[in-house]
Amino acid sequence: MYPVKEHIAKLLDSLPQGVRLVAVSKYHPAEYIEEAYAVGQRIFGESHVQELRQKVEVLPSDIEWHFIGHLQTNKVKYIAPYITMIESVDSERLIAEINKQCLKHNRVVDVLLELHVAKEETKSGFTPEELEVLLASGVKEKYPNVRICGLMTMASYTDDESLIDSEFEQASQFFDKIKTNYFAADDYFAVRSWGMSGDYPLAIKHHSNMIRVGTLLFGPRVY
Ligand SMILES: *Cc1c(COP(=O)(O)O)cnc(C)c1O
């Protein structure tokens, strides 16, 4: 078996205080999650509703599940009862549906707005301009069962470190702007989720406080 425990311990050891680790367990079996759980890891990231539902059934109930993949509105109802955080919110339609489903379960769910800063067109998320429009339109007040806790972003998938560097810097500056303009009095708006296996040290340099790491902990995914 892949040495999950060693990898988790090593990574946690290297992280500055205040940086939280989302162990991205998508496409990996429940046994890998149990290994990580055994050394104290509690936050896991999944990107497919069906796979998440199967894992939730067999794994400990104190795991905090983060949804990190593209979420279709018609699937929100399946995860609304238990999801801890939805990091990949990329449309107002999705916010409205999360609000509706969470209202049914009488809960407020934490979300991150996905920011598109990467050069790559394939990445999803709001552009900075779209996010400004959305926030100025009063989403905060409109959807009381959704709590916007910060931003999530992915840098371009490239060897060009200076490009990744500038994308994370853009995300960091935009976070500060949004915080000042819309969430200055809200302590909960504090999550900067950027950094994956290949770029998390750079992300931390640009004020990330939540990294989403899969491959480095669990090995290559088998699709
Ligand atoms: C898969 C995934 C990750 C983890 O990627 P690794 O390179 O395996 O660390 C992080 N964030 C998101 C949104 C992902 O889909």
Side-chain angles (χ1 to χ4, degrees), residues 2-12 14-15 19-30 32-33 35-36 41-52 55 63-72 75-76 79 83-91 94 98 110-127 131 149-161 163-165 167-168 170-172 175 191-223:
Y2 200 79
V4 172
K5 284 181 178 164
E6 285 88 332
H7 286 239
I8 293 251
K10 202 170 149 203
L11 178 60
L12 286 177
S14 76
L15 293 183
V19 177
R20 281 192 288 165
L21 170 65
V22 178
V24 176
S25 47
K26 65 186 186 197
Y27 295 102
H28 291 297
Y32 280 36
I33 299 177
E35 285 283 298
Q41 179 65 27
R42 289 295 179 271
I43 312 176
F44 292 89
E46 291 283 338
S47 57
H48 296 280
V49 170
Q50 184 61 24
E51 184 182 349
L52 173 57
K55 285 173 173 170
I63 286 181
E64 297 174 28
W65 296 103
H66 285 211
F67 198 85
I68 61 169
H70 178 68
L71 180 57
Q72 288 171 270
K75 301 230 169 115
V76 173
I79 64 170
I83 200 75
T84 300
M85 180 177 268
I86 300 172
E87 297 201 19
S88 43
V89 170
D90 58 4
S91 72
L94 184 56
I98 295 168
D110 288 346
V111 308
L112 302 180
L113 300 174
E114 185 173 352
L115 173 68
H116 180 125
V117 289
K119 269 233 171 80
E120 289 164 35
E121 285 301 318
T122 52
K123 297 265 193 308
S124 51
F126 297 98
T127 64
L131 260 188
C149 295
L151 302 179
M152 185 274 258
T153 200
M154 272 186 278
S156 294
Y157 187 72
T158 172
D159 289 335
D160 181 355
E161 283 215 353
L163 179 61
I164 299 172
D165 206 73
E167 290 173 352
F168 285 149
Q170 203 188 326
S172 175
F175 177 93
V191 180
R192 296 177 292 268
S193 177
W194 42 88
M196 321 195 336
S197 290
D199 57 19
Y200 76 89
L202 266 180
I204 291 170
K205 199 180 124 202
H206 294 285
H207 313 293
S208 165
N209 58 11
M210 183 173 281
I211 58 170
R212 309 174 311 268
V213 177
T215 310
L216 198 67
L217 305 177
F218 300 117
R221 287 178 284 275
V222 182
Y223 295 105

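Along the sequence shown, the residues carry numbers beginning at 1. First listed ligand is number 1; within each ligand, the first listed atom is number 1.
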Chi angles and distances behind the ring-ring contact (aromatic ring centres under 6.0 Å, His included) call for Phe218, Tyr2: CA-CA 7 Å; Phe218 300 117; Tyr2 200 79; 8.1 Å; no

N or O pair under 3.5 Å between Gly214 and ligand 1: yes

Pick from His70, Arg221, Arg212, Glu46: the one approaching atom 11 (N) of ligand 1 most closely through a non-hydrogen atom: Arg212

Closest non-hydrogen atom pair between His207 and Ser172, with its separation: CD2-OG, 3.2 Å

Chi angles and distances behind the side chain to side chain contact (heavy atoms under 4.5 Å, CB included) call for Gln170, Leu115: CA-CA 10 Å; Gln170 203 188 326; Leu115 173 68; over 6 Å; no

Numbering as shown, the atoms of ligand 1 that approach Thr215 to under 4.0 Å (heavy-atom distance): 6 (P), 7 (O), 8 (O), 9 (O)

Identity of the nearest option to atom 12 (C) of ligand 1, non-hydrogen atoms only, from Leu217, Thr153, Val213, Ile68: Ile68

Within 6.0 Å of CZ in Arg20, more than 12 heavy atoms from elsewhere: no

Closest protein heavy atom (residue, atom, distance) for atom 2 (C) of ligand 1: Lys26 NZ, 2.6 Å

Protein contact of atom 9 (O) of ligand 1 - nearest heavy atom, named by residue and atom, plus distance: Ser197 OG, 2.6 Å

Within 45° cone of Phe175 ring axis and under 6.0 Å: Arg192 NZ or CZ: yes

Nearest-contact summary for atom 5 (O) of ligand 1 - protein heavy atom, Å: Met196 CE, 3.6 Å

